[in-house]
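Atom set for the values below is all heavy atoms of this structure, side chains included, hydrogens, waters and symmetry mates excluded. Letters go in sequence order (proteins before strands), and every chain restarts at 1.
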There are 4 protein chains.
Amino acid sequence: MTGGAPGTVRPGGRTARVRAAVREATLAELAEHGYAGLTVDGVAARSGVHRTTVYRRWRNPDGLIADALELAAAEPWPVPDTGDLDGDLRAIARLVLTGLTDPAQGPVTRAFVLAAAQSAAAARSLHAFLARRLEQAAAVVERAVARGEAPAGTDAAEVVRVAVAPLYYRVFVTGEPVDRAAADRAAASAAVAARAGVLVR
Amino acid sequence: MTGGAPGTVRPGGRTARVRAAVREATLAELAEHGYAGLTVDGVAARSGVHRTTVYRRWRNPDGLIADALELAAAEPWPVPDTGDLDGDLRAIARLVLTGLTDPAQGPVTRAFVLAAAQSAAAARSLHAFLARRLEQAAAVVERAVARGEAPAGTDAAEVVRVAVAPLYYRVFVTGEPVDRAAADRAAASAAVAARAGVLVR
Amino acid sequence: MTGGAPGTVRPGGRTARVRAAVREATLAELAEHGYAGLTVDGVAARSGVHRTTVYRRWRNPDGLIADALELAAAEPWPVPDTGDLDGDLRAIARLVLTGLTDPAQGPVTRAFVLAAAQSAAAARSLHAFLARRLEQAAAVVERAVARGEAPAGTDAAEVVRVAVAPLYYRVFVTGEPVDRAAADRAAASAAVAARAGVLVR
Amino acid sequence: MTGGAPGTVRPGGRTARVRAAVREATLAELAEHGYAGLTVDGVAARSGVHRTTVYRRWRNPDGLIADALELAAAEPWPVPDTGDLDGDLRAIARLVLTGLTDPAQGPVTRAFVLAAAQSAAAARSLHAFLARRLEQAAAVVERAVARGEAPAGTDAAEVVRVAVAPLYYRVFVTGEPVDRAAADRAAASAAVAARAGVLVR
DNA sequence: TCATAAACGAGACGGTACGTCTCGTCTTGTG
DNA sequence: CACAAGACGAGACGTACCGTCTCGTTTATGA
């Protein structure tokens, strides 16, 4: 009878309350049990919203994650501006480090990545989210180019990737510890590579 | 009453055949359906071994993956020696690229990583495997140091990480495409950083 | 503050149209899917009336059936008058037979009976309806008594019951086929019993 | 992996205990809540057998009823032999009466009939059961024919139908009360009709 | 004729039961 | 008599329908 998905037509009052409760419960469940432990039933119980309603609005566990990601995406992200490329990249790497290791954020971040690796819907959300972040972070490189720290034509996104990839690699692939030193080293590598003109488009 | 787990006491004849069949089936299932699609039932059916037997010996899906990983770890890995650091790192990055994108290997590699991220047993196997690879790959950096391409004290493992991390990052985190150009760029970044002495221990 | 149920205060125009549409849709759904397949949602969709309205006015699926029965009860019923008891009873049995086997009426009749067996509201409606029919049919027996075909004091209702019960029995209990021969035999039995004075009050 | 339905290959021990528990629970639930109130969940809870197991073995609520019916069919049924047709038919009618009105049996019997009317599986079971009963009861008529109480060629099954149909009719169709008098009258009608030769094949 | 209350349209939610899918454990009957 | 095969327990998934609630919108109807 209805046109689209529930929650899109009358997004006020109860509907909004329900959505908020479920989102919050999703994040909490992810932080506690990780992606594999995220269940619709668990979220429903925790949020006080009925199972059926969660299925109606979020369809499945991945839908929950996708929605939670949109919530996360809405949060502002402070693009650093320290004055030089090294400092900026270091700041970005440290932000990522925090996202991966902070007791509160870490499990959620990991869950997001795992979800994306196993669900197309979650992947879409995560990738959109990250694309936006990458785009924001690119400003750092563009400023560096303007200052003459890096050659024109430098691939800003690639610089950022080099700066943060080793952190993700350690967390998700090799399971090695990550710390500030690791973040700084990765950032430094990226800065050097950018300066050397290795990362031009 | 046996001491250890089944399959450890009489590792000949049928026991060995069963193990081989299950390992092969596991890899095939991983290649076809990925990590999320790996089920004990599926492996049992494909291998012709009974469900119960699989549970007895491998305990759960992650156990299957851990075992399959050991199989993969046994395969020889050709450490490149092209004569200079850039070439060696590029060769390594391209090997990793193949492992991630090859139609046959890709799904299995991805499954291994996902499994490790969600199961302690799989993680142990994968991390041991990668540690060994990293150790082998370190040889190229040590040779570069000996040739004077990089300063003494360069952290060999870190160089390799910088060289391959962007590939994993793209595949597992941002879902961006990976190609030879990406591999080469990542390798070049690592070489530059190593030369610049940013990656000393 | 309304007095009674909706539809009682302003029974004109739209209200009447809604009622008619729902009744018709109910009968059609019953004919198509039977009692077990009758859903408020289905009736609402078919009638073009909104779910909520159906619930408001008819309360639940049984309410729909009860209402549809009242509609059926309003239809005139031709009490036969063939001149003798045998012929009258046979005519009645054949009417019942049609009601049970006719492609259009059969499913609805069966649905009514099943509904009555599972819902007090539907039962009330059906029993009232049948009581009226039984009363009308009793005229046949009374005429027979007046003609001397059956002894005074014959229980008219019981005669009719004996004449039609085997048909219902076959349809609802044993699932055996019913045809004109079965109807005629049942009617004949009732006539014989009535004549023999077995069915006096 | 298995050939047929569960419970057919290893019908001993636990399997048998499970079946017995479920059957008993089914009958109890039917007696308490009737057909409409029979739920797989309820039976599972009452029997102490897990939901999933019930679904595996009985498929759905109708499967439960079909199985319970087979259980009922196994119970011996005392075909009366009073010496004359009237007495025999009266005894049969009274047996049916008990089955319909006894506080313990009544609800179950009604549930069986309702189930049969709404489920092909239950219908098969019930019809097979009743066919067997009808066949047994036919002996009564055959003896009467042998004694000369009824003409040769009398349709034994039809006689029994006439004798019991009014009881079912009252219970399932008109909702009228049934008592011993009603049973006796129905039996008497059948006897008269049989004697009159109305029920020859 | 026109204000007003009745009735309806619409969307969302809580709730019960259904039937399915894996996983992992237990138990039976057979080689 | 061990163990392979069969059956079960456990829990989550996703669906259908029921019935309720809260809004807003239309439309009879009588003053």
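Contact annotation: D:T15 side-chain N/O to F:dA7 OP1/OP2 distance is not under 4.0 Å.
One can place CZ of C:R57 at 17 Å from P of F:dT20, the figure rounded to the nearest angstrom. In this structure, the OH atom of C:Y35 is 10 Å from the P atom of F:dC18, given to the nearest Å. Note: CG (D:D41) to P (E:dT20) measures 14 Å, nearest angstrom. Counting to the nearest Å, the P atom of F:dC18 and the NE2 atom of A:H50 are 16 Å from each other. Rounded to an integer number of Å, the gap from C:W58 CH2 to F:dG19 C1' is 16 Å. Between B:R17 atom CZ and F:dA4 atom C1' the separation is 15 Å, expressed in whole Å.
If you check distances only, the side chain of A:R51 never reaches the base of E:dG14 with a donor-acceptor pair under 3.5 Å. One can find a donor-acceptor pair under 3.5 Å joining the base of F:dG6 and the side-chain atoms of B:T52. Residue D:R56 places a side-chain atom within donor-acceptor reach of the base of F:dG9, judged by atom type and a 3.5 Å distance cut-off alone.
Positionally, the nearest nucleotide of DNA chain E for A:G48 lies more toward the 5' end than for the other of A:G48 and D:G42. Nearer to the 5' terminus of DNA chain E, by closest-nucleotide assignment, is the contact made by A:V54 (compared with the other of D:P61 and A:V54). Mapping A:Y55 and C:V40 onto DNA chain F by nearest heavy atom places A:Y55 at the nucleotide closer to the 5' end. Comparing A:N60 and C:L38 by the nucleotide of DNA chain F that holds the closest heavy atom to each, the one mapping nearer the 5' end is A:N60.
In this structure, C:R59 reaches the sugar-phosphate backbone alone: every heavy-atom distance under 4.0 Å involves primed, P, OP1 or OP2 atoms, never a base. Nucleic acid contact class of B:T39 (heavy atoms, under 4.0 Å, all strands): sugar-phosphate only.
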- [ ] Could you go through the side-chain contact (heavy atoms from CB on, under 4.5 Å) check for D:V49 and D:R57 one step at a time?
- [x] CA-CA 11 Å; D:V49 169; D:R57 294 264 298 268; over 6 Å; no
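The shortest distance between side-chain heavy atoms of A:L71 and A:L27 falls below 4.5 Å. In this structure, D:L38 and D:I65 have side chains that are in contact, with non-hydrogen atoms separated by less than 4.5 Å. In this structure, D:D62 and D:Q118 have side chains that are not in contact, with every pair of non-hydrogen atoms separated by 4.5 Å or more.
Proximity of a side-chain donor or acceptor of D:S47 to a complementary backbone N or O of D:A44 within less than 3.5 Å is detected.
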